[in-house]
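Taking it in order: structure first as structure tokens, then the write-up.
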Amino acid sequence: MVLRIFKAFWFLSMLTTLVVLLLNYASLPQDVAVQENGVSQVSIDKEAFFYLCMGLLAFINVLVFIVNKLYPKHTDFRTWFYGLVIVFNIFFIISISLINVYNSNEKFNYNSIAFAIYGSVGLLVLWTVAWPVYVIYLKFFPKQSISEL
């Protein structure tokens, strides 16, 4: 049941990430600044940025299908992996939005969105660490069947 819920959230997060990418692509300048080195900026072409993001998004989301084929009976792992991809999609949404805000000509207080940026990175790290912790927990406290209770 939990796996089905995660599948639905994964699909919605993938579509949302795609919509955010397309909407932000329309408002980006021709040269997209992706990094600032003191006075100078590192920038790439708008189309290169779009296709790089689209390729990364497609690669991460296709891994769901690969994991489903490789581990068909491991529902706990597949559920965790769906959650990991959902968290990656959330991170992509925030990252693409931040790059769009940075490249706009408006003045923006970046301190007001720091919680979202660091929160998405923290969530990504937390979810990644959750699987090994869960596996270690199962080794020390194995699941009991109903007949054993």
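Computed from a predicted model, the values in this text were never measured in an experiment. By convention here, the first residue in the shown sequence is residue 1.
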Grouping I, L, V, M, F, W and Y whenever their side-chain heavy atoms are under 4.5 Å apart, do V19 and F11 come out in a common cluster? no
For I44 and A48, work out which heavy atoms get closest and say how close. CD1-C, 4.4 Å
Donor on one side chain, acceptor on other, S27 and N100, under 3.5 Å: yes
Taking all heavy atoms of F6 and all of Y82, pick out the closest pair and write down the distance. CB-CB, 3.9 Å
Rounded to the nearest 0.5 Å, what separates atom CD1 in I117 from atom CZ in F115? 9.5 Å
To the nearest 0.5 angstrom, please state how far the CG atom of L70 sits from the CZ atom of F65. 13.5 Å
Just wondering, do V32 and I99 contact through their side chains at under 4.5 Å, heavy atoms? yes
Measuring from F49:CZ to L21:CG, what's the distance to the nearest 0.5 Å? 7.0 Å
If you look at every heavy atom in T17 and L57, which pair is closest and at what distance? CG2-CD1, 3.5 Å
If you apply the rule side-chain contact (heavy atoms from CB on, under 4.5 Å), what do you find for D45 with F50, and how did you get there? CA-CA 9 Å; D45 189 49; F50 174 76; over 6 Å; no
Single-linkage hydrophobic cluster L23~V20, side-chain heavy atoms < 4.5 angstrom: no
Side chain to side chain donor-acceptor pair (under 3.5 Å) partner of N68, the single match among H74, K7, R78: R78
Same apolar cluster (I L V M F W Y, side chains within < 4.5 Å links), Y134/L3: yes
Counting distance only, does the side-chain N/O of W80 pair as donor-acceptor with the main-chain N or O of W127 below 3.5 Å? yes
Are V34 and Y102 close enough that some pair of their side-chain heavy atoms sits under 4.5 Å apart? no
How many angstroms lie between OG in S13 and CD1 in I93, if you round to the nearest 0.5 Å? 6.5 Å
Hey, what do you get for CD (E47) to CE (M54), rounding to the nearest 0.5 Å? 13.0 Å
Test item: side-chain donor near acceptor, D76 and Y71, under 3.5 Å: no
Please say yes or no: joined through hydrophobic side-chain contacts below 4.5 Å, possibly via intermediate residues, are F9 and V62 part of one cluster? yes
Nearest heavy-atom neighbours spanning A116 and I94: O-CD1, 3.6 Å
CD1/I86 to CZ/F81 distance, rounded to the nearest 0.5 angstrom? 11.5 Å
Report yes if some heavy atom in the side chain of N89 is under 4.5 Å from a heavy atom in the side chain of N61; otherwise report no. yes
If we only count heavy atoms from C-beta on, is the F92 to I60 side-chain gap below 4.5 Å? yes
Single-linkage hydrophobic cluster, 4.5 Å side-chain cutoff, W10 and L12 together: no
